[in-house]
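For reference, the structure discussed in these notes is given below.
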Amino acid sequence: MENIIDTYRNRINAMGYEPRRQEDIPAVMAAYCEAIANCKIEGLELVSDDHSFCLLLVETQIPVDVAIGLAQDYNRDVLSRQKLAA
């Protein structure tokens, strides 16, 4: 089975979207860091793939509205793969 990050990298590369401006990236990275901190407060542990997925969204400069949909799909895929592995 293909690595989930590779799956999403290929999916993003196949999409046509207007990338974010370079000057927006620090604010986006700060928002992801805050989200990670909130997960820890909620008692949720992120795994390496979760961090890699978030960084993929930042490095590809994907717009927020597209990133939200991809994040929802990613979470469903992770849960699905966990159920298959169980």
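- Between R9 and T60 there is no side-chain heavy-atom pair separated by less than 4.5 Å.
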Exercise. Any chance you could lay out the side chain to side chain donor-acceptor pair (under 3.5 Å) test for Y8 and D77, step after step, and finish with the verdict?
Key: CA-CA 10 Å; Y8 277 87; D77 286 348; 2.5 Å; yes

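- Residues passing the side-chain hydrogen bond (donor to acceptor under 3.5 Å, both in side chains) test with D65, sequence neighbours excluded: none.
- Rounding to the nearest 0.5 angstrom, the gap separating the CD1 atom in I4 from the OG atom in S80 is 9.0 Å.
- Smallest separation of non-hydrogen atoms from I5 and N3: N-OD1, 2.6 Å.
- In this structure, I68 belongs to a hydrophobic cluster whose other members, linked by side-chain heavy atoms under 4.5 Å apart, are V64.
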Identify each donor-acceptor pair in which a side-chain atom of residues 46-59 lies under 3.5 Å from a protein atom, sequence neighbours left out, and give them as a table.
from: D50; atom 1: OD1; to: Y74; atom 2: OH; distance (Å): 2.6
from: D50; atom 1: OD2; to: V47; atom 2: N; distance (Å): 3.0
from: S52; atom 1: OG; to: S48; atom 2: O; distance (Å): 3.1

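- With sequence neighbours left out, N75 forms a side-chain hydrogen bond (donor to acceptor under 3.5 Å, both in side chains) with no residue at all.
- A 4.5 Å side-chain heavy-atom check between R11 and L70 finds at least one atom pair inside the cut-off.
- Note on V28: it clusters hydrophobically with M15, by side-chain heavy-atom contacts below 4.5 Å among ILVMFWY residues.
- For the salt bridge (charged side-chain N to carboxylate O under 4.0 Å, His left out) test, no residue two or more places apart in sequence or in another chain qualifies with E34.
- Partners of Q22 according to the side-chain contact (heavy atoms from CB on, under 4.5 Å) rule, which considers only residues two or more places apart in sequence or in another chain, are I25, Q61.
- Pairs engaging residues 19-32 under the salt bridge (Lys or Arg N to Asp or Glu O under 4.0 Å) rule: R21-E23, R21-D24 [sequence neighbours left out].
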